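Hydrogens, waters and symmetry mates are skipped; everything else that's a heavy atom, side chains included, is used. Throughout, a chain's letter reflects where its sequence line sits, starting with A, and its residues are numbered from 1. Owing to the predicted nature of the structure, the values given are computational and were not obtained by experimental measurement.
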Amino acid sequence: MPDIQANVRANIRVRFAPSPTGYLHVGGARTALFNWLFARKMGGKFILRIEDTDLERSSDEMVRGILEGMEWLGLDYDEGPFYQSDYADKHRAAAYQLLEGGQAYRDFAPKQERPQRDDATIKQDIAKEKVVNPYRDFPKEESDARAAAGEPFVIRFKVPEEGKTQFEDAVFGLQERDYKDTEDLVLLRSDGHPLYNLSVVVDDIEMGITHVIRGQDHINNTHKQVLIYQALGAKLPQFGHLPLILAPNKGKLSKRKHGEIVSVTTYRDSGFIPDAFLNFLALLGWAPKEGETAENQEIFSREQLIELFSLEGIHKSNAVFNFNEGDARNWTDQKALWMNAEYIKTWPPEKLLPLIKPELQKAGLWRDEYEGAQKAWYENTIHLLRERARTLLDFAAHGRPYFVDDLSFEFDDAAVKKNLQKEPAPKTLLPELAERFAALTEFTHDSTEAALRAFAEEKAVKAGLLINAARTALTGQAVGPSLFEVVAAVGQKRAVERLKHAAGMI
RNA sequence: GGCGCGUUGGUGUAACUGGUUAACACGCCGCCCUCUCAAGGCGGAGAGCACGGGUUCGAGUCCCGUACGCGCUACCA
C-alpha cells in the first residue's frame, strides 16, 4: 500500500521571499529558518524567491547580502533563487484577466503625492478622506475608450461590498476581515508595473506553494491576497504568520534605526558559529513541545531542530531581541553570546577548527604546521583557549601570545601593575625561576609545576604570587588558563625568554 | 482615526482537556572549587501570571470590559 502520508508531505512546498535590501536581518533570517525547518521536517521543498518588483530599490549588490546571509546560516534551498521581476508579464496578464472578468477596474485618477511613511497624522487624514472610487463602477465601454485613447490608469482590485475574507492561520487561528476594511488595492501601476500583492499571489500559485510562512506584519496583506487567490480561482495555501522580533525598545527592527546590529552578517563577522545563532533564533518565538526534549535543554543541533519543529510550537506574541550596541562586551543578546560560547566549548574539533583557521589567518597568526607537524600542539592550545572564548574572534585576540614567537603581544597595564609590580619579589625571583625552567630536561605541565612550587617554598613566597606573575609574563594578561597549561603550551624556550623579559619591565 | 494581533520575573520560554508554595534557560547576587579568569557545582533575589469584573468548590488557563504595546492602513515590499 502506498504511504499516502509520506506523499502528502513530500509535496509540501514553502518559500522564503525577501525583498533585496542589501542584507538579511535577523527577523528575515528567522522567517527563512522556520520555512527551512518546516520543509526539512516534512520532506518538502524550500524555495528562495527574491521579491524585486520594486526595481528602483533592487540591485545585484542588494541581492548578494541576502544570499550571503543564507549561505552563512546554512539554509540551503532546493529551488531558486527566483527573481520576481522575471515574471512581470505573468503578473500583468493576471491583472488583465481580473480586469476582463470584472474583478478589477481601471482607475484614471492621477497619481497622488503620498506622505512619508512615518508621517502618521497625514496618513490618518488620508484615511478619513477615503471615499468610494468614482471609477469603480465606470461603464466598460467608456473605460475601454479612454484606455484606448492613451489615458494613463492603474488597475485596482474591486473588493466586493458585502462579506468578509477569512482564512485559518496555523498560528493565530481563524482570521476574518470585513471587506469594507480592505481598500481597492492597486494591482498594476500606471506604468504597467505589477505590485507586490498581485505578484506574490501569482508566483505562489505558479510555484505550487502549499504553506506561506511569513511575518505577522503581513496579516493584512494576506486578507488582500486571499481576495486575489479567490478571484483567480486558485486554492488557498495554508498560512502561518510568525510573531515579530522586536528591538529592545519593543519597536520594529530596522536597519535605519538600529544599524548593522540587525544584520546577520554582523554576527558572522563578530565570530558567531552559524549553528549557535540559528539555535538562538529558533527559540525566539518558538519552543519545542514539553517532554520531547531533555530536561532543561536549550542547545539544539540543526538535526534536533528539524526533528522537533512544528507550526504548533510557534507563539503569538512578539519577542524582544535584547541587543545592546553601546556595550563592548555584551553587545548583543546575552543568551545568544552564552549559546555561542557553549558551542565553541563543546563542538567537535573537526567542525570548530575550520572556523578558527580563517580567524587566525586574518590576524596573521596562522601557520601551515598547525595542520602538520604541530597539529597536536595546535589542537591542545585551541582546547585551552576555547574554554574561555565567547566568540571565534577571541581565538586570535586571546591566542596571540601562544602563536607568536617574539614578544609582539600586548601587556595589559592593570595586569602588569597587579601581578608584576605590586610586590617586590617578582623582580628578583622571575629571572631565577627562568633559570630553573631552563635547567629542566623534561618540560611539561607537571615538571614545571613541581619546579615552581619547590622554588616558591625555597624562597618562602606563596606559589600563587609566582604563578600570577608568570602568567602575566608569559601572556601579558592577568587572566587565562591554568599557568602550567600555559607554560607547557608556550614551551621552554619562549617561557624562559619571557620570564626574563618581564623582570626587565618591573 | 480605522482594522488586526498580543500581554507569565530584566530577556527568552514552560505550565496536559481549569486543581496543592507558577517551572526552566540567559542575566544578576552569594558560596564552593582554585594559581587568575572562565567553566563547573551548590544556593539566592526576582513574576503571583497587565488591570478590573465575572463564571466556578477552584482560573495564568474560560467570558466581558479597560489599559498598554505592536503591526497594517502607498501607483513600497
Among side-chain atoms of A:Asp203 and A:Gln84, is any donor-acceptor pair under 3.5 angstrom?
-> yes
Nucleotide nearest A:Gln334 when distance is taken to its side chain, options B:rA39, B:rA77, B:rG27 = B:rG27
Pair A:Tyr343 and A:Trp338, ring centroids less than 6.0 Å apart | no
Spacing of the P atoms in B:rG46 and B:rC3 (rounded, Å) = 43 Å
Return the value, rounded to whole Å, for the distance between atom NE2 of A:His91 and atom C1' of B:rC75.
-> 17 Å
Under 4.0 angstrom, heavy atoms only, what part of the nucleic acid is A:Pro110 near: base, sugar-phosphate, or nothing?
-> base
Pair A:Tyr135 and A:Tyr105, ring centroids less than 6.0 Å apart | no
So what does A:Lys345 touch, heavy atoms closer than 4.0 Å: a base, only the sugar-phosphate, or nothing?
-> sugar-phosphate
With A:His223 via ring pair (Phe, Tyr, Trp, His ring centres under 6.0 Å) - residues at least two apart = A:Phe167
Nearest-angstrom distance from the residue atom CG of A:Leu187 to C1' of B:rC76 | 15 Å
Please measure how far the C1' atom in B:rG9 lies from the corresponding atom in B:rC24, and state the result in whole Å.
-> 12 Å
For atom C1', what is the distance between B:rU7 and B:rG60, given to the nearest Å?
-> 12 Å
Between the side chains of A:Arg177 and A:Asn220, does any donor sit under 3.5 Å from an acceptor?
-> yes
What nucleic acid atoms does A:Ala282 come within less than 4.0 Å of, heavy atoms only: base, sugar-phosphate, or nothing?
-> nothing
B:rG27 and B:rG40, which share atom name P, separated by this distance in whole Å = 9 Å
Counting just side-chain N and O atoms, does A:Arg453 come under 4.0 Å of either OP1 or OP2 of B:rC35?
-> yes
Residue from A:Leu187, A:Leu185, A:Thr53 passing side-chain contact (heavy atoms from CB on, under 4.5 Å) with A:Leu198 | A:Leu187
Atom CD of A:Glu485 to atom P of B:rU34: distance rounded to whole Å?
-> 16 Å
Syn or anti conformation of B:rG4, syn meaning chi within 90° of 0 = anti
For A:Val186, answer base if it contacts any base atom (sugar-phosphate contacts may also be present), sugar-phosphate if it contacts only those atoms, and nothing otherwise; contact means non-hydrogen atoms under 4.0 Å.
-> sugar-phosphate
Any idea which heavy atoms bring A:His91 and A:Ser199 closest together, and the distance?
-> ND1-OG, 3.0 Å
Stems formed with participation of RNA chain B [Watson-Crick or G-U wobble, under 3.5 Å, three or more pairs] | B:1-7 with B:67-73, B:10-13 with B:23-26, B:28-32 with B:40-44, B:50-54 with B:62-66
Given atom CD1 of A:Ile50 and atom P of B:rC76, what is their separation to the nearest angstrom?
-> 20 Å
Under the 3.5 Å rule, do the base of B:rA77 and the side chain of A:Asn221 count as making a donor-acceptor pair?
-> yes
Phosphate oxygens OP1/OP2 of B:rA77: is one of them under 4.0 Å from a side-chain N or O of A:Thr53?
-> yes
Note: for A:Glu342 and A:Asn249 on RNA chain B, the residue whose nearest nucleotide lies more 5' is A:Glu342
Could you tell me how the ring of A:Phe321 sits relative to the ring of A:Tyr267: parallel (under 30°), tilted (30 to 60°) or perpendicular (over 60°)?
-> tilted
P gap between B:rU56 and B:rG12, integer Å | 36 Å
Specify the closest pair of heavy atoms between A:Phe34 and A:Leu284, including all atoms of both residues, with the distance to one decimal.
-> CZ-O, 4.2 Å
Can you figure out which of B:rC35, B:rC75, B:rA38 approaches the side chain of A:Arg156 most closely?
-> B:rC75
Could you state the CZ-P distance from A:Phe300 to B:rA25, rounded to the nearest angstrom?
-> 13 Å
Determine the contact category for A:Leu244: base if any of its heavy atoms lies under 4.0 Å from a base atom, sugar-phosphate if only primed atoms, P, OP1 or OP2 are that close, otherwise nothing.
-> sugar-phosphate
Taking atom C1' in both B:rC33 and B:rA39, what distance in whole Å separates the two?
-> 11 Å
Kindly check if the number of other-residue, nucleotide or ligand heavy atoms within 6.0 Å of NE2 (A:His383) is above 12?
-> no
Would you list the protein and nucleotides 2-5 of chain B atom pairs, both N or O, that sit under 3.5 Å from each other?
{"from": "B:rC3", "atom 1": "O2'", "to": "A:Arg177", "atom 2": "NH1", "distance (Å)": "2.8"}

Positive for salt bridge (charged side-chain N to carboxylate O under 4.0 Å, His left out) with A:Asp184, one of A:Lys158, A:Arg136, A:Arg156, A:Arg106 = A:Arg136
A:Arg471 vs B:rC37: side-chain N/O to OP1/OP2 distance below 4.0 Å = no
Expressed as a whole number of Å, how far does the C1' atom of B:rC16 sit from that of B:rA23?
-> 15 Å
Using atom CG of A:Leu465 as one end and atom C1' of B:rU36 as the other, report the distance to the nearest whole Å.
-> 12 Å
Selected nucleotide, minimal atom distance to A:Ser19 side chain, candidates B:rA25, B:rA77, B:rG71 = B:rA77
Can the ring centres of A:Phe309 and A:Phe300 be said to be less than 6.0 Å apart?
-> no
Taking atom P in both B:rC5 and B:rC29, what distance in whole Å separates the two?
-> 42 Å
Calculate the interatomic distance between A:Asp327 atom CG and B:rC26 atom P; express it in whole Å.
-> 19 Å
Would you indicate what A:Pro481 reaches in the nucleic acid, counting non-hydrogen atoms under 4.0 angstrom: base, sugar-phosphate, or nothing?
-> base
Provide, to the nearest angstrom, the distance between the CD1 atom belonging to A:Ile467 and the C1' atom belonging to B:rC37.
-> 14 Å
Applied to residues 384-401 of chain A, the side chain to side chain donor-acceptor pair (under 3.5 Å) test, sequence neighbours excluded, yields A:Asn330-A:Arg390
Name every donor-acceptor pair, under 3.5 Å, that has one atom in a side chain of residues 467-487 of chain A and the other anywhere in the protein, sequence neighbours excluded.
{"from": "A:Asn468", "atom 1": "OD1", "to": "A:Arg471", "atom 2": "NH2", "distance (Å)": "2.9"}
{"from": "A:Asn468", "atom 1": "ND2", "to": "A:Gly464", "atom 2": "O", "distance (Å)": "3.3"}
{"from": "A:Arg471", "atom 1": "NH1", "to": "A:Pro481", "atom 2": "O", "distance (Å)": "2.9"}
{"from": "A:Thr472", "atom 1": "OG1", "to": "A:Asn419", "atom 2": "ND2", "distance (Å)": "2.9"}
{"from": "A:Thr472", "atom 1": "OG1", "to": "A:Asn468", "atom 2": "O", "distance (Å)": "3.4"}
{"from": "A:Thr472", "atom 1": "OG1", "to": "A:Gln477", "atom 2": "O", "distance (Å)": "3.0"}
{"from": "A:Thr475", "atom 1": "OG1", "to": "A:Arg471", "atom 2": "O", "distance (Å)": "2.8"}
{"from": "A:Thr475", "atom 1": "OG1", "to": "A:Gln477", "atom 2": "N", "distance (Å)": "3.1"}

Strictly under 3.5 Å: I want the nitrogen or oxygen pairs between protein and nucleotides 8-15 of chain B, one per line.
{"from": "B:rU11", "atom 1": "OP1", "to": "A:Lys250", "atom 2": "NZ", "distance (Å)": "3.3"}
{"from": "B:rU11", "atom 1": "O4'", "to": "A:Asn322", "atom 2": "ND2", "distance (Å)": "3.2"}
{"from": "B:rG12", "atom 1": "OP1", "to": "A:Val320", "atom 2": "N", "distance (Å)": "2.6"}
{"from": "B:rG12", "atom 1": "O2'", "to": "A:Leu283", "atom 2": "O", "distance (Å)": "2.9"}
{"from": "B:rU13", "atom 1": "OP1", "to": "A:Leu283", "atom 2": "O", "distance (Å)": "3.4"}
{"from": "B:rU13", "atom 1": "OP1", "to": "A:Gly285", "atom 2": "N", "distance (Å)": "2.2"}
{"from": "B:rU13", "atom 1": "O3'", "to": "A:His315", "atom 2": "NE2", "distance (Å)": "3.0"}
{"from": "B:rA14", "atom 1": "OP1", "to": "A:His315", "atom 2": "NE2", "distance (Å)": "3.1"}
{"from": "B:rA14", "atom 1": "OP2", "to": "A:His315", "atom 2": "NE2", "distance (Å)": "3.0"}
{"from": "B:rA14", "atom 1": "O2'", "to": "A:Glu290", "atom 2": "OE2", "distance (Å)": "2.7"}

Among B:rA77, B:rU36, B:rA25, which nucleotide sits nearest the side chain of A:Asn197?
-> B:rA77
